[in-house]
Amino acid sequence: MELMSKVCKSEEMNFERLAARIFVAAGGLFWVAAVLGMDLGYRDKGIFGAAQSALIPLAIAAIALGIGWFYENLAAVLLLAGVAGAVVWGVVTGWEAGVWWVMAGVLIGPMAISALLFFLAARMQRICELKD
């Protein structure tokens, strides 16, 4: 058996899709909760003001999940663009080391992992289509 042979593994592809979608959905829920907590706890916006602010990360996560559901390569590219944007934003605004660790753990890392999983699932889909 060759190490780099192109073999259709539909179970692996489905796991990659599922894991990528879970990363995107869980990340969206995390950021909605973070924005709600920030607005309610620190800014005293009230429930309606906080809910309006939380709609932004909810919409971004829903759009990313919707795109990833049908266009895995496009979702991966958009997620990688988000990773690059977050890194550039951190450099421009001068994040401290602790902020880099937090953002790497809750934004940059999960987006990069889900992008990789979307790319892998799309690659396996192409391999399975070529083998049939």
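We number each residue from 1, following the sequence as shown.
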| message | Pair R17, N14 - check side chain to side chain contact (heavy atoms under 4.5 Å, CB included), show working. | response | CA-CA 5 Å; R17 282 183 179 147; N14 290 333; 3.8 Å; yes
Verify the cluster assignment for [X] and [Y]: are they in a single hydrophobic cluster under the rule of side-chain heavy atoms below 4.5 Å apart?
| X | Y | answer |
| --- | --- | --- |
| L36 | Y42 | no |
| W95 | M111 | yes |
| L120 | Y71 | no |
| V77 | F70 | no |

| query | Is the backbone of A64 close enough, under 3.5 Å, to the side chain of W69 for a donor and an acceptor to pair up by distance? | reply | no
| Test log, rule side chain to side chain contact (heavy atoms under 4.5 Å, CB included), inputs F118 and L74 | CA-CA 9 Å; F118 275 131; L74 178 61; over 6 Å; no
To the nearest 0.5 Å, how far apart are [atom1] in [X] and [atom2] in [Y]?
| X | Y | atom1 | atom2 | result |
| --- | --- | --- | --- | --- |
| L107 | W31 | CG | CH2 | 5.5 Å |
| E16 | M124 | CD | CE | 6.0 Å |
| Q125 | M13 | CD | CE | 4.5 Å |
| I67 | E72 | CD1 | CD | 12.5 Å |
| L117 | I22 | CG | CD1 | 10.0 Å |
| L18 | F23 | CG | CZ | 11.0 Å |

| task | I would like to know whether L55 and L58 meet side chain to side chain contact (heavy atoms under 4.5 Å, CB included); could you show each step before the answer? | result | CA-CA 5 Å; L55 286 176; L58 180 64; 4.1 Å; yes
| Got a sec: does the CZ of F30 have more than 12 other heavy atoms crowding it under 6.0 Å? | yes
| message | Check this for me: W89, atom CH2, are more than 12 non-hydrogen atoms of other residues, nucleotides or ligands nearer than 6.0 Å? | response |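 No.
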| said: Ignoring hydrogens, what is the shortest heavy-atom contact between A75 and G68? Give both atom names and the distance. | reply: CB-CA, 3.4 Å
| note | All heavy atoms of L65 vs all of V24, minimum pair found to be N-CG1, 3.9 Å
| query | Is V7 close to I127 at the side-chain level, that is, under 4.5 Å between some pair of heavy atoms? | reply |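 SC-SC contact between I127 and V7 ruled out.
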| field | Heavy-atom side-chain contact between L116 and I113 under 4.5 Å | value | no
| said: Show, in sequence, the C-alpha distance, side-chain angles and deciding distance for V87 and W100, and conclude whether the side chain to side chain contact (heavy atoms under 4.5 Å, CB included) test is met. | reply: CA-CA 9 Å; V87 169; W100 276 107; 4.3 Å; yes
